[in-house]
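See below for the structure under consideration.
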Amino acid sequence: QVQLVESGGGLVQAGGSLRLSCAASGRTFSSYTMGWIRQAPGKEREFVARLTFSDGSTYHANSVKGRFAISRDNTKNTVYLQMNSLKPEDTAVYYCAAKDGSYYYTTSGAYDYWGQGTQVTVSS
């Protein structure tokens, strides 16, 4: 089992940047596929980004492609979401999620372990 703790959220003006971090503890972090999912008030969850451990391949939703980037540092057991050119519509609670093994899932229901979430608010 793995425990996930997100940090780095906050209030930022449109056009600004934030970097979210997700620190993992427990089993071997490097063998997990990691994802970032967000949920805005009154909206369904949106799968934002995924990083598959075996080949390092990434996925970014069309809504964030070119602005957000997922990465990981296995030496620190941490996955990151660099968010640039933020827009008010990026406002949401951002969750880090993990699944043991090498996968390419881009649906939130496929992930077994979740953090508590971190709030990102983008003002116009």
Side-chain angles (χ1 to χ4, degrees):
Q1 191 169 355
V2 65
Q3 292 79 43
L4 305 172
V5 178
E6 302 97 333
S7 62
L11 174 64
V12 64
Q13 288 188 333
S17 299
L18 284 174
R19 189 177 77 160
L20 305 184
S21 299
C22 174
S25 61
R27 293 186 59 189
T28 306
F29 171 73
S30 60
S31 67
Y32 282 76
T33 292
M34 303 299 297
W36 284 97
I37 297 99
R38 68 185 182 185
Q39 187 164 23
K43 295 187 177 181
E44 294 185 354
R45 285 179 178 175
E46 179 185 12
F47 196 94
V48 175
R50 182 214 72 229
L51 193 153
T52 301
F53 89 89
S54 60
D55 59 7
S57 65
T58 60
Y59 162 89
H60 296 85
N62 287 336
S63 59
V64 306
K65 196 171 293 183
R67 300 188 298 121
F68 290 12
I70 188 172
S71 63
R72 73 194 295 165
D73 185 340
N74 288 336
T75 65
K76 297 182 178 180
N77 281 7
T78 301
V79 64
Y80 303 98
L81 186 67
Q82 179 66 45
M83 306 187 295
N84 300 326
S85 301
L86 282 161
K87 304 175 181 179
E89 51 263 44
D90 294 319
T91 295
V93 177
Y94 284 72
Y95 298 91
C96 172
K99 187 172 182 68
D100 191 0
S102 179
Y103 298 98
Y104 301 93
Y105 294 119
T106 57
T107 54
S108 59
Y111 289 75
D112 303 310
Y113 305 102
W114 290 70
Q116 82 288 351
T118 185
Q119 176 70 47
V120 171
T121 303
V122 185
S123 63
S124 57

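- Between A14 and S124 the shortest heavy-atom distance is CB-CA, 4.4 Å.
- A distance of 9.0 Å separates CG of N77 from CZ of R72, quoted to the nearest 0.5 Å.
- Listed by first and then second residue, the disulfide bond (SG atoms under 2.5 Å apart) pairs that reach into residues 55-110 are C22-C96, sequence neighbours excluded.
- Screening residues 52-94 for disulfide bond (SG atoms under 2.5 Å apart) gives no qualifying pairs among residues at least two apart or on separate chains.
- The backbone N or O of I70 lies less than 3.5 Å from a partner atom in the side chain of H60, making a donor-acceptor pair.
- Nearest heavy atom pair, residue S123 against residue L11, reads CB-CD1, 4.3 Å.
- Residues F53 and Y59 do not share a hydrophobic cluster, defined by chaining ILVMFWY side chains whose heavy atoms lie under 4.5 Å apart.
- S17 approaches Q82 most closely through the heavy-atom pair CB-NE2, 4.1 Å.
- The main-chain N or O of A92 is never found under 3.5 Å from a side-chain atom of Q39 such that the two would form a donor-acceptor pair.
- Minimum heavy-atom separation, T121 to Q119: OG1-NE2, 3.3 Å.
- Note on ring orientation: taking the six-membered ring where Trp is involved, the planes of W114 and Y95 are perpendicular (angle over 60°, cut-offs 30° and 60°).
- Checked against Y111 for a side-chain contact (heavy atoms from CB on, under 4.5 Å), the options Y32, Y105, Y103 give a single hit: Y105.
- By the 4.5 Å side-chain criterion applied to Ile, Leu, Val, Met, Phe, Trp and Tyr, V5 is assigned to no cluster and stands alone.
- In terms of modelled atom types and a separation under 3.5 Å, the side chain of R50 and the main chain of T106 share no donor-acceptor contact.
- Under the 4.5 Å side-chain criterion, counting only non-hydrogen atoms from C-beta, L18 is not in contact with F68.
- Residues Y80 and L51 fall into different hydrophobic clusters, defined by Ile, Leu, Val, Met, Phe, Trp and Tyr side chains chained together at heavy-atom separations under 4.5 Å.
- Heavy atoms only, all atoms of each residue included: S85 and D90 are closest at O-OD2, 4.4 Å.
- Rounding to the nearest 0.5 Å gives a distance of 7.5 Å between CD of E46 and OH of Y94.
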Next on the checklist: Pair E6, L20 - check side-chain contact (heavy atoms from CB on, under 4.5 Å), show working.
Outcome noted: CA-CA 7 Å; E6 302 97 333; L20 305 184; over 6 Å; no

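- Between the side chain of T118 and the main chain of S7, no donor-acceptor pair closer than 3.5 Å is present.
- Minimum heavy-atom separation, S102 to T33: CA-OG1, 3.6 Å.
- S108 places no side-chain N or O within donor-acceptor distance of the main-chain N or O of F47, the cut-off being under 3.5 Å.
- A 6.0 Å sphere centred on CD of Q13 holds no more than 12 heavy atoms belonging to other residues, nucleotides or ligands.
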Checklist entry - Between M83 and V64, does a side-chain contact (heavy atoms from CB on, under 4.5 Å) hold up when you go through it step by step? => result CA-CA 8 Å; M83 306 187 295; V64 306; over 6 Å; no

